[in-house]
Protein chains: 2
Amino acid sequence: MVNQEDPRVLRTRQLIKAAFRDLLRRKGFDAITIKDIAQKATINRATFYAHFEDKYALLDEVTEQAFHEMIPEQVANAREFTDEICDQLILQTHRYILDFYQTCRMDSKSMATLVDEKIKKMLLHTIESIFLKGATHLGVNRHSIKVMAAMTGSAIYGAAQCWLNVEEIDRTDGLVDIVRPYVMNGLGLYRDGDK
Amino acid sequence: MVNQEDPRVLRTRQLIKAAFRDLLRRKGFDAITIKDIAQKATINRATFYAHFEDKYALLDEVTEQAFHEMIPEQVANAREFTDEICDQLILQTHRYILDFYQTCRMDSKSMATLVDEKIKKMLLHTIESIFLKGATHLGVNRHSIKVMAAMTGSAIYGAAQCWLNVEEIDRTDGLVDIVRPYVMNGLGLYRDGDK
DNA sequence: GACAATGTGTTGCCTAAGCAACTTTTAACT
DNA sequence: AGTTAAAAGTTGCTTAGGCAACACATTGTC
């Protein structure tokens, strides 16, 4: 039951997600109760459970959606893992993490972990899907492609996260200059003469 | 059917009114269809009719609510028709008319008439209810009080509307200086030495 | 004036949402 | 440890909202 096409369902889910995002901006994740969410969304508490298992599932979906909406067309449609695409992914990841940590109170350990995992997974998936479009020649079998994607995603994510502790957080060109050569060399795709 | 207490009903009515106010800001009243409203409110067209007879009834309610929310506490609780209260009513009426004509496209004759009538009626009612609280001594019987209220409301409204065509629309002190003495004298309540 | 196209209301059937009244966790206090 | 309170989930029944399909009015255009 609960037909995902029903306009009432779409509206209710929008209301819940909007309420949640709003609450995250002024309360810690752990401090937010289902009752809070239901109240702000002007829905019944029981209705919440018809749509989400719990607030973790909600967080998962909100995170996914936010990241997804952030992906530029260029990256989503990319058929080849070029320098430009690589740069975009690095910047997007960095921007996303920054946004999240700035607008939400990441007081909750559980939340930070969940969000991190989610983003990493999406990043990885995005990269893998570009690799699989096949224009870029890497290892032959899907297995090695998966591993390459995993490494690339993890590297980008790790670097972006690490950059949070750097003095010049906003000097993203510094980040890009470090990560791109590393990744592209690792993949054996580096072109520019340097290094 | 349709219990006005049901949270779904409250929410739906809010959505409809918000959608309508929004549409009024960019479309003429006549150009707005029920379909437009339903779409923007993310409800079904049939649901609209469960709450409002037509868009005229909706306009009526939106107008009433907007005017009502504009009434200062001081005026709502007034037990006597003083100079200050009189001034407040004049300014409020002027402000309301100005707002309405500025934010909405008053292209429709029917709409302008309806809104005008509505505001006048509410203004009149507000004044009457102050008179009836009785601290102000006017004629004895309710009948004459009603007439006094009607005259006062009409005078204030007429003046405020007329002021729209004056060069210095925003010089509201000019408006007040003309209307207050007129009304207070008419009611036999004027105190200040002047005139 | 015939025609299509679009908006207005209405109706019956189905589904999502609200509610009350539970049980079960979880957490805080003493 | 024992008590209490608040939050988390669950369930059966009721009601508002969505939809399709209708009849009817309005408009424009050929």
Side-chain angles (χ1 to χ4, degrees), chain A residues 1-24 26-62 104-105 107-111 113-114, chain B residues 1-24 26-62 104-105 107-111 113-114:
Chain A
M1 50 184 157
V2 185
N3 167 18
Q4 302 287 347
E5 308 278 294
D6 191 315
R8 285 172 291 181
V9 171
L10 293 173
R11 190 183 59 208
T12 298
R13 294 180 73 92
Q14 290 300 333
L15 286 170
I16 292 175
K17 287 185 276 185
F20 183 62
R21 278 191 294 264
D22 206 57
L23 284 168
L24 267 184
R26 67 194 81 209
K27 263 188 167 187
F29 177 72
D30 292 336
I32 297 174
T33 69
I34 308 296
K35 194 178 163 196
D36 289 337
I37 300 170
Q39 271 182 353
K40 190 167 272 286
T42 65
I43 57 146
N44 192 276
R45 200 163 53 82
T47 303
F48 174 90
Y49 290 107
H51 295 277
F52 297 96
E53 181 154 2
D54 49 32
K55 63 178 176 174
Y56 299 94
L58 174 57
L59 174 64
D60 189 86
E61 186 163 323
V62 166
C104 306
R105 305 166 166 238
D107 54 352
S108 156
K109 183 75 173 55
S110 64
M111 177 182 174
T113 310
L114 286 170
Chain B
M1 48 183 161
V2 184
N3 168 18
Q4 302 288 344
E5 309 277 293
D6 190 315
R8 284 172 292 182
V9 171
L10 293 172
R11 190 184 59 208
T12 298
R13 295 179 73 92
Q14 291 298 334
L15 287 170
I16 291 175
K17 287 185 276 186
F20 183 61
R21 278 191 295 265
D22 206 57
L23 284 168
L24 267 183
R26 67 194 81 210
K27 263 189 167 189
F29 177 72
D30 292 336
I32 296 174
T33 70
I34 307 296
K35 194 179 164 195
D36 289 338
I37 300 170
Q39 269 183 353
K40 190 169 272 287
T42 64
I43 56 145
N44 192 276
R45 199 165 55 83
T47 303
F48 175 90
Y49 290 106
H51 295 276
F52 297 95
E53 183 156 359
D54 49 31
K55 63 176 177 175
Y56 298 94
L58 174 57
L59 174 64
D60 189 87
E61 186 163 322
V62 166
C104 306
R105 306 167 164 235
D107 54 352
S108 154
K109 183 77 175 53
S110 65
M111 177 184 175
T113 310
L114 286 170

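Throughout, a chain's letter reflects where its sequence line sits, starting with A, and its residues are numbered from 1. These figures come from a predicted structure and were not determined experimentally.
- Evaluation of the salt bridge (Lys or Arg N to Asp or Glu O under 4.0 Å) test over residues 2-13 of chain B, restricted to residues two or more places apart or in two chains, returns B:Asp6-B:Arg8, B:Arg13-B:Glu61.
- Taking five base pairs at each end of the helix from C:dG1-D:dC30 to C:dT30-D:dA1 and finding the rotation axis that steps the C1' atoms of four pairs onto the next four gives two axes whose angle is 50°, to the nearest 10°.
- Rounded to an integer number of Å, the gap from CG of A:Asp36 to P of D:dA6 is 14 Å.
- The side chain of A:Asn3 sits closest to C:dA16 out of D:dG9, C:dG7, C:dA16.
- If you take CD1 of A:Ile37 and P of D:dA8, they are 8 Å apart, rounded to a whole angstrom.
- Partners of B:Thr33 by side-chain hydrogen bond (donor to acceptor under 3.5 Å, both in side chains), not counting sequence neighbours, listed by chain and number: B:Asp36.
- Qualifying ring-ring contact (aromatic ring centres under 6.0 Å, His included) partners for A:Tyr56, counting only residues two or more places apart in sequence or in other chains: A:Phe29.
- Not counting sequence neighbours, the partners of B:Lys40 by the salt bridge (Lys or Arg N to Asp or Glu O under 4.0 Å) test are B:Asp22.
- Rounding to the nearest 0.5 angstrom, the gap separating the CG atom in B:Leu10 from the CG atom in B:Asn3 is 8.5 Å.
- In this structure, B:Lys35 places its NZ atom 14 Å from P of C:dA5, rounding to the nearest Å.
- Taking atom CD1 of residue B:Ile32 and atom C1' of nucleotide C:dT8, one finds them 16 Å apart after rounding to whole Å.
- Note: CD (A:Glu5) to C1' (D:dA20) measures 17 Å, nearest angstrom.
- Between C:dA16 and A:His51, no contact under 4.0 Å exists linking OP1 or OP2 to a side-chain N or O.
- To the nearest angstrom, P of C:dG9 lies 6 Å from CD1 of B:Ile34.
- Partners of A:Ala41 according to the side-chain contact (heavy atoms from CB on, under 4.5 Å) rule, which considers only residues two or more places apart in sequence or in another chain, are A:Leu15, A:Ile16, A:Ala19, A:Ile43.
- The side-chain contact (heavy atoms from CB on, under 4.5 Å) search around A:Ala57 returns A:Glu53, A:Asp54, not counting sequence neighbours.
- What separates CG of B:Asp6 from P of C:dA20 is a distance of 11 Å, to the nearest Å.
- In this view, B:Phe48 and B:Phe52 satisfy the ring-ring contact (aromatic ring centres under 6.0 Å, His included) rule, not counting sequence neighbours.
- In the region residues 7-16 of chain B, proximity to DNA chain D at under 4.0 angstrom, judged on heavy atoms, holds for B:Arg8, B:Val9, B:Thr12.
- Checked against salt bridge (Lys or Arg N to Asp or Glu O under 4.0 Å), B:Lys55 has no partners two or more places apart in sequence or in another chain.
- Regarding B:Phe52, its CZ atom lies at a distance of 15 Å from the P atom of C:dT10, rounded to whole Å.
- Looking at residues 38-50 of chain B, you'll see B:Thr42, B:Ile43, B:Asn44, B:Ala46, B:Thr47 sit with a heavy atom under 4.0 Å from some atom of DNA chain D.
- Rounding to the nearest 0.5 Å places CD of B:Gln39 at 11.0 Å from CG of B:Asn44.
- The minimum heavy-atom distance linking A:Ile37 with A:Ile32 is given by the pair CG1-CG2, 3.7 Å.
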